Amino acid sequence: MELVGKVAIVTGAAQGLGRAFARAMIQRGAKVCISDQNVEKGNTSCVALRKELNTADVNFVKCDVTQQDDMKNMFDDTVRRYGGVDIVVNNAGIMNERTWSSCVDINLKGVIQGTLLALEHLQERGGVIINISSIAGVVPVAGAPVYTATKHGVIGFTRSCSVNPKVKAANIRLACLCPTFTDTPILDMTDDHFTSWSSRQNLWKDVEQLGIMKVETVAQGFIQLLLDKDNNGAIMTISPNRGIQTKYYPKARM
Ligand SMILES: NC(=O)C1=CN([C@@H]2O[C@H](COP(=O)(O)OP(=O)(O)OC[C@H]3O[C@@H](n4cnc5c(N)ncnc54)[C@H](O)[C@@H]3O)[C@@H](O)[C@H]2O)C=CC1
Ligand SMILES: CCCCCC(=O)/C=C/C=C\C/C=C\C/C=C\CCCC(=O)O
């Protein structure tokens, strides 16, 4: 997929990985709507990206992914502004075992809602949906069971959509990105983010063992996932040990 002139939406893009994905797409000629529930950070990042990349092809829209009206408005605004949508990146996510219900609302229900709206918008012209899971979507993580459940859910949901014949007929591709620890504010977790059935100490042992990647490394894998025309249903993992790997799991029961 050539990115010049393509229109992309990224949720949770005021900072961290979402912002890095937006930046990488703009650098390759895409027009990007960055959205976030944090209006101040979203606007600041939008202004900074415009200045750094010398472009007007990036805008900010306030969108809390738990609010259906916000989500609909983000798509409608992008269509009005750029004439359509080609790429949707459902990236917004949090890690909080204590407020676990909001973790499910944002990480799983937000991705489901974003994907369903994306499928509607892409069905006439085709396109790509990238859902951001985590390595916690494919392995158990003792320190963060609810977060891990949401990320497993993202993979199950995305893969199920990808094998729907209607999706193939509409020339839509869906894939998941699963990084290990990456240097963003999500790692600024305190004991308040955990319960007695989860553990910051356990998680930090994993951090010490695996290391922390730069956002640029993950953005490189993201672009690879986006540009590969033949990867519907793919799960890309990125880790310091094994680098970028694309995996395809069985499509049906064996
Ligand atoms: N940084 C890491 O180590 C890894 C992160 N991920 C995933 O990558 C995605 C991005 O995370 P990071 O950039 O690391 O985190 P981050 O905390 O830096 O950024 C997350 C963004 O999502 C926004 N957000 C939170 N709740 C929202 C809501 N209800 N609606 C809209 N936006 C909302 C925040 O305002 C923030 O701008 C998340 O889904 C996360 O689970 C996956 C693997 C590793
Ligand atoms: C779960 C905390 C939230 C922080 C963001 C995130 O999703 C990070 C997850 C990173 C790792 C999860 C912990 C342990 C994984 C264990 C093994 C992975 C092996 C990967 C490899 O070597 O390829």
Side-chain angles (χ1 to χ4, degrees), residues 9-23 34-46 60-71 74 89-97 99 101-111 113-114 130-155 176-189 193-194 198-200 202-215 217-219 221-222 235-245 247:
I9 290 175
V10 189
T11 65
Q15 63 182 27
L17 284 170
R19 187 187 139 126
F21 300 149
R23 185 174 180 275
I34 60 171
S35 74
D36 206 285
Q37 49 92 33
N38 188 325
V39 175
E40 202 182 325
K41 279 197 180 146
N43 276 323
T44 305
S45 283
C46 183
F60 172 72
V61 171
K62 190 243 166 198
C63 174
D64 177 337
V65 297
T66 67
Q67 302 302 310
Q68 200 158 359
D69 288 349
D70 278 12
M71 291 285 259
M74 172 181 74
V89 186
N90 290 301
N91 166 77
I94 62 163
M95 157 55 211
N96 197 321
E97 296 290 311
T99 63
S101 187
S102 61
C103 202
V104 176
D105 286 345
I106 296 166
N107 297 9
L108 182 56
K109 288 163 85 175
V111 170
Q113 182 62 68
I130 305 279
N131 288 337
I132 308 305
S133 176
S134 160
I135 202 75
V138 287
V139 299
V141 182
V146 175
Y147 179 86
T148 301
T150 66
K151 296 302 184 178
H152 273 65
V154 167
I155 291 183
C176 281
L177 187 66
C178 303
T180 54
F181 298 105
T182 311
D183 187 13
T184 75
I186 205 173
L187 297 187
D188 299 339
M189 291 168 277
H193 290 75
F194 295 87
S198 54
S199 153
R200 186 175 176 278
N202 277 354
L203 203 59
W204 231 248
K205 278 186 208 144
D206 289 330
V207 174
E208 277 159 16
Q209 210 167 42
L210 279 168
I212 298 179
M213 298 188 290
K214 292 186 173 158
V215 288
T217 308
V218 181
F222 167 80
I235 308 301
M236 176 182 275
T237 58
I238 311 183
S239 72
N241 292 344
R242 292 179 232 277
I244 298 171
Q245 294 189 328
K247 297 169 186 184

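Whatever order the structure lists ligands and atoms in, that order sets their numbers, starting from 1. All values derive from a computational prediction rather than experimental measurement. Nothing fancy with the numbering, it's 1 onward along the sequence. Reckoned from all heavy atoms, side chains included, excluding hydrogens, waters and symmetry mates.
- Annotation: side chain of Phe60 is not in contact with side chain of Thr44 (no heavy-atom distance under 4.5 Å).
- Of the protein's non-hydrogen atoms, the one nearest atom 11 (C) of ligand 2 is Ile135 CG2, 3.2 Å.
- Checked against salt bridge (charged side-chain N to carboxylate O under 4.0 Å, His left out), Lys109 has the following partners two or more places apart in sequence or in another chain: Asp105.
- Taking the six-membered ring where tryptophan is involved, the planes of Phe222 and Phe21 are essentially parallel, since the angle between them stays under 30° and well short of 60°.
- Scanning Asp206, Ile212, Thr237 for the heavy atom closest to atom 13 (C) of ligand 2 points to Asp206.
- Listed by number with element, the atoms of ligand 2 under 4.0 angstrom from any heavy atom of Ser239 are 21 (C), 22 (O), 23 (O).
- Looking only at distances, a side-chain donor or acceptor of Ser199 sits under 3.5 Å from a matching main-chain atom of Asn202.
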- Task: Let me see the working for Asp183 and Lys214 under side chain to side chain contact (heavy atoms under 4.5 Å, CB included), right down to the final yes or no.
- Result: CA-CA 6 Å; Asp183 187 13; Lys214 292 186 173 158; 5.9 Å; no
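- Between Val141 and Ser134, every side-chain heavy-atom pair lies at or beyond the 4.5 Å cut-off.
- The distance from ligand 2 to the heavy atoms of Asn241 drops below 4.0 Å at these ligand atoms: 22 (O).
- Taking all heavy atoms of Asn96, Ile132, Val139 into account, the minimum distance to atom 16 (C) of ligand 2 is reached by Val139.
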Report each N/O pair between ligand 1 and the protein that falls under 3.5 Å, naming both atoms.
unit_1   : atom_1 : unit_2 : atom_2 : d
ligand 1 : 1 (N)  : Thr182 : O      : 3.2
ligand 1 : 1 (N)  : Thr184 : OG1    : 3.1
ligand 1 : 3 (O)  : Thr182 : N      : 2.7
ligand 1 : 3 (O)  : Thr182 : O      : 3.4
ligand 1 : 13 (O) : Leu17  : N      : 2.8
ligand 1 : 14 (O) : Thr184 : OG1    : 2.5
ligand 1 : 17 (O) : Gln15  : NE2    : 3.3
ligand 1 : 18 (O) : Gln15  : NE2    : 3.0
ligand 1 : 29 (N) : Asp64  : OD1    : 3.0
ligand 1 : 30 (N) : Val65  : N      : 2.9
ligand 1 : 35 (O) : Asp36  : OD1    : 2.6
ligand 1 : 35 (O) : Gln37  : NE2    : 2.9
ligand 1 : 37 (O) : Asp36  : OD2    : 2.6
ligand 1 : 39 (O) : Asn91  : O      : 2.7
ligand 1 : 39 (O) : Lys151 : NZ     : 2.9
ligand 1 : 41 (O) : Tyr147 : OH     : 2.6
ligand 1 : 41 (O) : Lys151 : NZ     : 2.9

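- The shortest side-chain heavy-atom distance between Val154 and Asn107 does not fall under the 4.5 Å cut-off.
- Summary of contacts: the protein heavy atom closest to atom 6 (C) of ligand 2 is Tyr147 OH, 3.3 Å.
- Contact check for Gln68 versus Gln113: side-chain heavy atoms found under the 4.5 Å cut-off.
- Looking only at heavy atoms of the protein, atom 4 (C) of ligand 2 is closest to Leu187 CD2, 3.9 Å.
- Within the structure, every pair that satisfies the side chain to side chain donor-acceptor pair (under 3.5 Å) test and touches residues 11-22, not counting sequence neighbours, is listed here: Gln15-Lys41, Arg19-Ser45.
- Here the protein heavy atom with the shortest distance to atom 9 (C) of ligand 2 is Ser134 OG, 3.6 Å.
- The closest protein non-hydrogen atom to atom 2 (C) of ligand 2 is Leu203 CD2, 3.6 Å.
- Atom CG of Asn241 has more than 12 neighbouring heavy atoms from other residues, nucleotides or ligands inside a 6.0 Å radius.
- With sequence neighbours excluded, the residues that form a side-chain contact (heavy atoms from CB on, under 4.5 Å) with Asp70 are Lys62, Cys63, Asp64, Gln67.
- Among all protein heavy atoms, the one lying closest to atom 19 (C) of ligand 2 is Leu210 CD2, 4.1 Å.
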